J.: 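Got a structure for you, written out below as structure tokens; questions coming shortly.
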2 protein chains.
Amino acid sequence: MKNDNTPVNAERLAIAQEVKAVLDTEFFTALCEPVRVDIIRRLISVGACDVKTIAQGMSQDRSVISRHLATLERAGITASRKSGRRVEYDINGPDIVTKVSDILKVIAPMAQLCVPFKAVDQSKEGVA
Amino acid sequence: MKNDNTPVNAERLAIAQEVKAVLDTEFFTALCEPVRVDIIRRLISVGACDVKTIAQGMSQDRSVISRHLATLERAGITASRKSGRRVEYDINGPDIVTKVSDILKVIAPMAQLCVPFKAVDQSKEGVA
DNA sequence: AGTATATGTGCACACATATGCACACTTTGC
DNA sequence: GCAAAGTGTGCATATGTGTGCACATATACT
């Protein structure tokens, strides 16, 4: 009685494939480091800011903050602009929201499909 | 309508505070490792699965996979259930979707508020 | 009983990364 | 032109972590 073309399995495979594309390792790696999260929070609070000003409120050396900012920019979390001899960094809000939004779109079906150790009901799939 | 003295700055501070609460370092750390992402994708495709079966398709040792699964469970990404001498792991879909959804809720205003090097227009705020 | 299977953990090792110091480069001001 | 300020990078070091092997524990099978 079980339609073994397995539509559920097909949906699982599709999600697994999309997850691979949307789960940016570089993006998450940038968010792992607590110091980088502090930098992000500071930039959200203050807005565009140069390296020295950011580093002034933190215990790490200025060169360390500079490296973290480079990592954040590679991950698409911040953007930089040269202003004279200073370099201003700012949060890349639109890109971040887009990235997280894309992730949520892909994994959303998992809320019903990937319930731990709960068999998925295949008979009443289409019904609301 | 927000006609306070410093509406933008207040909103920035609020987001920075909420970001601290919602950005779970343990969650992102679990998603940094490519091997763990492979495990996640495998579990999404196959469903609940024991350690040996998961490890069979991967180049790493069983013990390594076991440790990765422990890390994923600590991060709330997977759940485990003992079944005889085996231990089955499964994706914790609802918790993952909730966590990402919470993050998106917090950072959503950043799409308009944290545009790099773009002054926020405070005069015409209410208009769509 | 004993044997086989499945899982997790202690240990050692290799690799990645965060950190601080010194230096080079760029730009501003005298 | 020269000094000062801001930034990024090479280098060495300390800490964290992924990996594999061996072993201990728990459960199933005969």
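From a predicted model like this one, the values you see are computed outputs, not experimental measurements. Hydrogens, waters and symmetry mates play no part in the numbers below; they use all other heavy atoms, side chains included. Note on naming: letters A, B, ... go to the chains in the order of the sequence lines (proteins, then strands), and numbering restarts at 1 for each one.
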J.: Over how many whole Å does the gap from A/Tyr89 atom OH to D/dG6 atom P extend?
T.: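 Rounding to the nearest Å, OH of A/Tyr89 and P of D/dG6 are 15 Å apart.
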
J.: Start with the C-alpha distance between B/Arg42 and B/Ser45, add both sets of side-chain angles, then the distance that settles side-chain hydrogen bond (donor to acceptor under 3.5 Å, both in side chains), and finish with yes or no.
T.: CA-CA 5 Å; B/Arg42 187 171 300 259; B/Ser45 304; over 6 Å; no

J.: Given atom CD1 of B/Ile65 and atom C1' of D/dT19, what is their separation to the nearest angstrom?
T.: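 My rounded result for the distance is 10 Å.
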
J.: Between B/Glu73 and B/Thr78, is the side-chain hydrogen bond (donor to acceptor under 3.5 Å, both in side chains) condition met? List the steps.
T.: CA-CA 5 Å; B/Glu73 190 165 7; B/Thr78 60; 5.0 Å; no

J.: Is a salt bridge present between B/Lys99 and B/Asp24, judged by a nitrogen-to-oxygen distance below 4.0 Å?
T.: yes

J.: Check the distance between D/dG8's C1' and A/Gln60's CD and give it to me in whole angstrom.
T.: 17 Å

J.: Quick one: do A/Asp95 and A/Thr98 satisfy side-chain hydrogen bond (donor to acceptor under 3.5 Å, both in side chains)? Show the steps, please.
T.: CA-CA 5 Å; A/Asp95 282 17; A/Thr98 299; 5.4 Å; no

J.: Output the single nucleotide from C/dT5, C/dT27, D/dT7 whose closest atom is nearest the side chain of A/Val51.
T.: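 My answer, after comparing the listed nucleotides, is D/dT7.
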
J.: Give a yes/no answer on whether the side chain of A/His68 brings an N or O atom under 4.0 Å of OP1 or OP2 in C/dT19.
T.: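 Answer is yes, contact under 4.0 Å.
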
J.: Find the distance A/Glu26:CD to C/dT17:P and express it as a whole number of Å.
T.: 11 Å

J.: Could you tell me the separation between the CG atom of A/Leu69 and the P atom of D/dG8, rounded to a whole number of Å?
T.: 7 Å

J.: Judged by each residue's nearest nucleotide on DNA chain C, which is more toward the 5′ side, A/Glu33 or A/Lys82?
T.: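 It is A/Glu33, whose closest nucleotide lies nearer the 5' terminus.
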
J.: For A/Val64 and for A/Arg86, find the nucleotide of DNA chain D with the closest heavy atom, then tell me which residue's nucleotide is more 5'.
T.: A/Arg86

J.: Roughly how many Å is it from CD1 in B/Ile54 to P in C/dT7, rounded to a whole number?
T.: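 From B/Ile54 CD1 to C/dT7 P: 8 Å.
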
J.: Please compare A/Gly84 and A/Val35 by the position of their nearest nucleotide in DNA chain C and report the one closer to 5'.
T.: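 Closest to the 5' end, via its nearest nucleotide, is A/Val35.
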
J.: Provide, to the nearest angstrom, the distance between the CG atom belonging to A/Leu72 and the P atom belonging to C/dA18.
T.: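 Value for this atom pair: 10 Å.
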
J.: Any idea which of D/dT7, C/dT7, D/dT19 is nearest the B/Arg62 side chain?
T.: C/dT7

J.: With a non-hydrogen cut-off below 4.0 angstrom, is A/Val87 in contact with a base, only sugar-phosphate, or nothing?
T.: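 Sugar-phosphate: the residue A/Val87, judged by heavy atoms under 4.0 Å, touches backbone atoms but no base.
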
J.: Whole-Å distance between D/dG6 P and A/Glu88 CD?
T.: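 Spelled out: CD on A/Glu88 to P on D/dG6 is 13 Å.
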
J.: To the side chain of B/Asp50, which of C/dT19, D/dT19, C/dT7 is closest?
T.: C/dT7

J.: From the options D/dG20, D/dT7, C/dT19, select the nucleotide whose nearest atom is closest to the side chain of A/Lys52.
T.: D/dT7

J.: To the side chain of A/Arg67, which of D/dT7, D/dG10, D/dG20 is closest?
T.: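 Of D/dT7, D/dG10, D/dG20, D/dG10 is nearest to the side chain of A/Arg67.
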
J.: Out of D/dG20, D/dT9, C/dT19, which has the shortest distance to the side chain of A/Ser66?
T.: D/dT9

J.: Decide yes or no, distance alone: a donor-acceptor N/O pair under 3.5 angstrom between the base of D/dG18 and the side-chain of B/Arg36.
T.: no

J.: Among A/Ile39, A/Ile40, A/Ile54, which residue meets the side chain to side chain contact (heavy atoms under 4.5 Å, CB included) test with A/His68?
T.: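 It is A/Ile39; the other options fail the test.
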
